[in-house]
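Proteins come first, then strands; the chains are lettered A, B, ... in the order of their sequence lines, and each starts at number 1.
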Amino acid sequence: AQSVTQPDIHITVSEGASLELRCNYSYGATPYLFWYVQSPGQGLQLLLKYFSGDTLVQGIKGFEAEFKRSQSSFNLRKPSVHWSDAAEYFCAVGGMLNAGKSTFGDGTTLTVKP
Amino acid sequence: KAGVTQTPRYLIKTRGQQVTLSCSPISGHRSVSWYQQTPGQGLQFLFEYFSETQRNKGNFPGRFSGRQFSNSRSEMNVSTLELGDSALYLCASSSAGGETQYFGPGTRLLVL
């Protein structure tokens, strides 16, 4: 079975501070890993994805994530947070094992303090 | 390219009624997946259609059904609505299903 754990339900950071959101996954084959962001009442916007190759992937809005197979982790980072980054962030795992089905974590809500 | 579109965006129904939601995928995408999002259960996979065939199914009762047309547009239907069906229903499309999914804005369903 595939699963995703996001240990932090809620994180608060000051504007300009760095950010790291944690994600751990379980998948029975080569995982495809994703981070999405959701603003209230909206759909999910893809921030970045990892399929293979370089374990450090760059995404939109200045986000990056690092895949660590030994730790089954795919943590999201941003060096300097902006107030507009306040939203809910979801980590997801998918792949060819269950095509078309992504499994999502419960999400991490990010609050940005001025 | 136009993104994934979902109609309607908002819907209010009463218990016992049925509802049909529509999703138009990104042009050229053949896989459409549906998800239910609620505060208590998070994002849960409903089903996925690829080339008009249901290829994958989540753990939802038979009241939840779907179909896909030859142009890849998809509909999902919920019969005999219950209060617990109130949720944001998200549709996602991808070219073949196993890789990147792109999400629509969702349909917010309220069951009274």
Side chain, backbone, both or neither: which part of A:Gln38 has an atom under 4.5 Å from a heavy atom of chain B?
->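 The side chain, not the backbone.
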Segment of A:Leu44 engaging chain B (4.5 angstrom heavy-atom cut-off) =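 Both parts, backbone and side chain.
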Can a cation-pi geometry be assigned to A:Lys78 and A:Phe63, taking NZ or CZ under 6.0 Å from the six-membered ring centre and within 45° of the ring axis?
->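 The answer is yes; both the distance and angle limits are met.
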Does B:Arg55 count as lying over the ring of B:Phe50, i.e. NZ or CZ under 6.0 Å from the six-ring centre, within 45 degrees of the axis?
->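 Yes.
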Partner chain A: residue of B:Leu90, B:Leu88, B:Leu43, B:Val32 with the largest heavy-atom pair count (under 4.5 Å) =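 The residue among B:Leu90, B:Leu88, B:Leu43, B:Val32 with the greatest pair count is B:Leu43.
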Which region of B:Tyr35, side chain (C-beta onward) or backbone (N, CA, C, O), has a non-hydrogen atom less than 4.5 Å from a non-hydrogen atom of chain A, or is it both or neither?
->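 Just its side chain gets close to chain A.
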Proximity breakdown for B:Gln37 and chain A, heavy-atom pairs closer than 4.5 Å =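 Side chain only.
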Side-chain touch A:Cys23/A:Trp35, heavy atoms, less than 4.5 angstrom |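 Yes, side chains in contact.
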Is there a side-chain contact between B:Gln36 and B:Phe64, using heavy atoms and a 4.5 Å cut-off?
->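 The answer is yes; the side chains approach within 4.5 Å.
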Is it true that B:Asp85 and B:Arg63 make a salt bridge, defined as a side-chain N closer than 4.0 Å to a carboxylate O?
->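 Yes, this pair counts.
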